[in-house]
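The chain is numbered in sequence order, starting from 1. Just the heavy atoms: all of them, side chains too, but no hydrogens, waters or symmetry mates, feed the values below. Just so you know, ligand 1 is whichever comes first in the structure, and atom 1 is the first atom listed for that ligand. Just so it is clear, the model here is predicted, and its values are computed rather than measured.
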Amino acid sequence: MKKFFDDSSRYIMNTYNRYPVVLRKGRGIKVWSSDGKEYLDFVGGVAVNILGHCHPRVVVAIQKQAQRLIHVSNYYYIEPQIKLAKLLVEHSFADKVFFCNSGAEANEAAIKLARKYSKEQVSPKRYETITARNSFHGRTLATVTATGQEKFQKGFEPLVPGFKYVPFDDINAMGKAITKDTCAVMLEPIQGEGGVRMPGPNYLRDVRELCDEHNVLLILDEVQTGMGRTGKFFAYEHFGITPDIMTLAKGLGGGVPIGAMLATDKVASSFQPGNHASTFGGNPLVCAAAVATIETLLEDGFILDQCNRMSEYLMEKLEQLREEFPSLIIEIRGKGLLLGIELARDGDPIVRECLEKGMLVNCAAGNVLRFIPPLIVQKKDIDRLIDVLEEVFAKLTRI
Ligand SMILES: Cc1ncc(COP(=O)(O)O)c(C=O)c1O
């Protein structure tokens, strides 16, 4: 193991604080390290592995596509790309899709499309995007500017012009922030990296109304909340609204890197050949994996049902933990299998103790334990998680 750690720090840039484990193999919710230890994975590649690790249908789709055609340029028509776009359009508000490789790229594309549409169709002066404090939209220069958290921006100034921030879930602040320069409002329906923060039941509907009133586009960043994560295919379905633009990545490819930006025809028609592109975006291999992922996810609604049932079960168990450890747990929140416990202390030591006990969990915003397991998680996995948390919490509250 030491050799892996040494070579990693010798050859790889120091951008991640890694936990001392080398993961080598995965199946379903389980992963195994290079020394053979078994873990239950409630991180799921940070909300990526919605079907679990190495789902057989995704593996077969990748194998078959890899034997046929791995990559060709977007100068030519690509069969799995067309199939994937059709699936996404048929199951969402959108009419058209642009493919890229990550969540940040999908958001970049969304910001560019919103600017181009608004300048051409509304007013040449419109270029500003309003985002929420505590949001997370990516690490490229424009998306880190869109991200309403200074800690991610520090050291990279000057930031990209044309962004403004408002508190999340504050409709009055949004109303005041929209001006004649605003082209778009960009929000996560539920904030993920910011600590699993839910808006009030009417917030997104009220934002939608404000946007319509001022001819401003609504971009929903569903990079984390999309693909069944919250118990519906897309999180906007919980709130009775549709956006003008939506971005996806994470769960879309069942583990392979793919992002997508979806829009209505009205907005999408502002992009013409040459306006935006990506060499790898929508290549045959990743699209074949994404088609297999979506087909598996939507088959008979079984996995979404499982997600909702397990969400309810996990919530119930977490509530019991809260009763047991009232001084440690401040709040439990989230939707579907994007759930978080806000702690009255730093979460990292808990993550490390859980790791020791064969349980992978994640900490967001410093003190929120976030549970984002595959949607195929079972009761016995949740029971094991709760046992481990109980042991770790008991140990920490004794100290
Ligand atoms: C809501 C949201 N948007 C965008 C991103 C950035 O995605 P990526 O890391 O694929 O660029 C993330 C990543 O965590 C995210 O949670």
Ligand 1 to N107, heavy atom cutoff 4.0 Å, flagged ligand atoms 3 (N), 4 (C)
Looking at T296, is its backbone amide N or carbonyl O close enough to the side chain of E299 to form a donor-acceptor pair, meaning the two atoms are under 3.5 Å apart? no
Heavy-atom nearest pair, A260 first then A106, reads O-CB, 3.5 Å
Please list the nearest protein heavy atom to atom 16 (O) of ligand 1 with its residue and the distance rounded to 0.1 Å. Q224 NE2, 2.9 Å
Classify the side-chain pair N134/Y165 by whether it contains a donor and acceptor separated by less than 3.5 Å. no
Any idea which atoms of ligand 1 are less than 4.0 Å away from a heavy-atom of E193? 14 (O), 16 (O)
If the cut-off is 4.0 Å to any non-hydrogen atom of S102, which atoms of ligand 1 fall inside it? 10 (O), 11 (O)
Can you find a protein heavy atom under 4.0 Å from atom 9 (O) of ligand 1? no
Identify the heavy atoms of H137 and T147 that sit nearest to each other, and give their distance. N-OG1, 2.8 Å
Of all the atoms in ligand 1, which lie at a distance below 4.0 Å from a heavy atom belonging to E188? 1 (C)
Other members of the hydrophobic cluster containing V72, with the 4.5 Å side-chain heavy-atom rule, please. L69, I78
From G192, G226, G259, A104 - option closest to atom 6 (C) of ligand 1 by heavy atom: A104
Taking only non-hydrogen atoms of H137 and a 4.0 Å limit, the atoms of ligand 1 in range are 3 (N), 4 (C)
Side chain N367, main chain L343, donor-acceptor under 3.5 Å: yes
Using a strict threshold of under 4.0 Å (side-chain N to carboxylate O), is an ion pair present between D265 and K96? yes
Which atoms of ligand 1 are found less than 4.0 Å from any heavy atom of G103? 7 (O), 8 (P), 10 (O), 11 (O)
Number the atoms of ligand 1 from 1 as they appear, then name those within less than 4.0 Å of a heavy atom of F136, with their elements. 1 (C), 2 (C), 3 (N), 5 (C), 6 (C), 12 (C), 13 (C), 14 (O), 15 (C)
What do we get for K250 next to ligand 1 when only non-hydrogen atoms under 4.0 Å count, side chain, backbone, both or neither? side chain
Residue, atom and distance of the protein heavy atom nearest atom 3 (N) of ligand 1 read D221 OD2, 2.7 Å
Hey, do the aromatic rings of F136 and F152 have their centres closer than 6.0 Å? yes
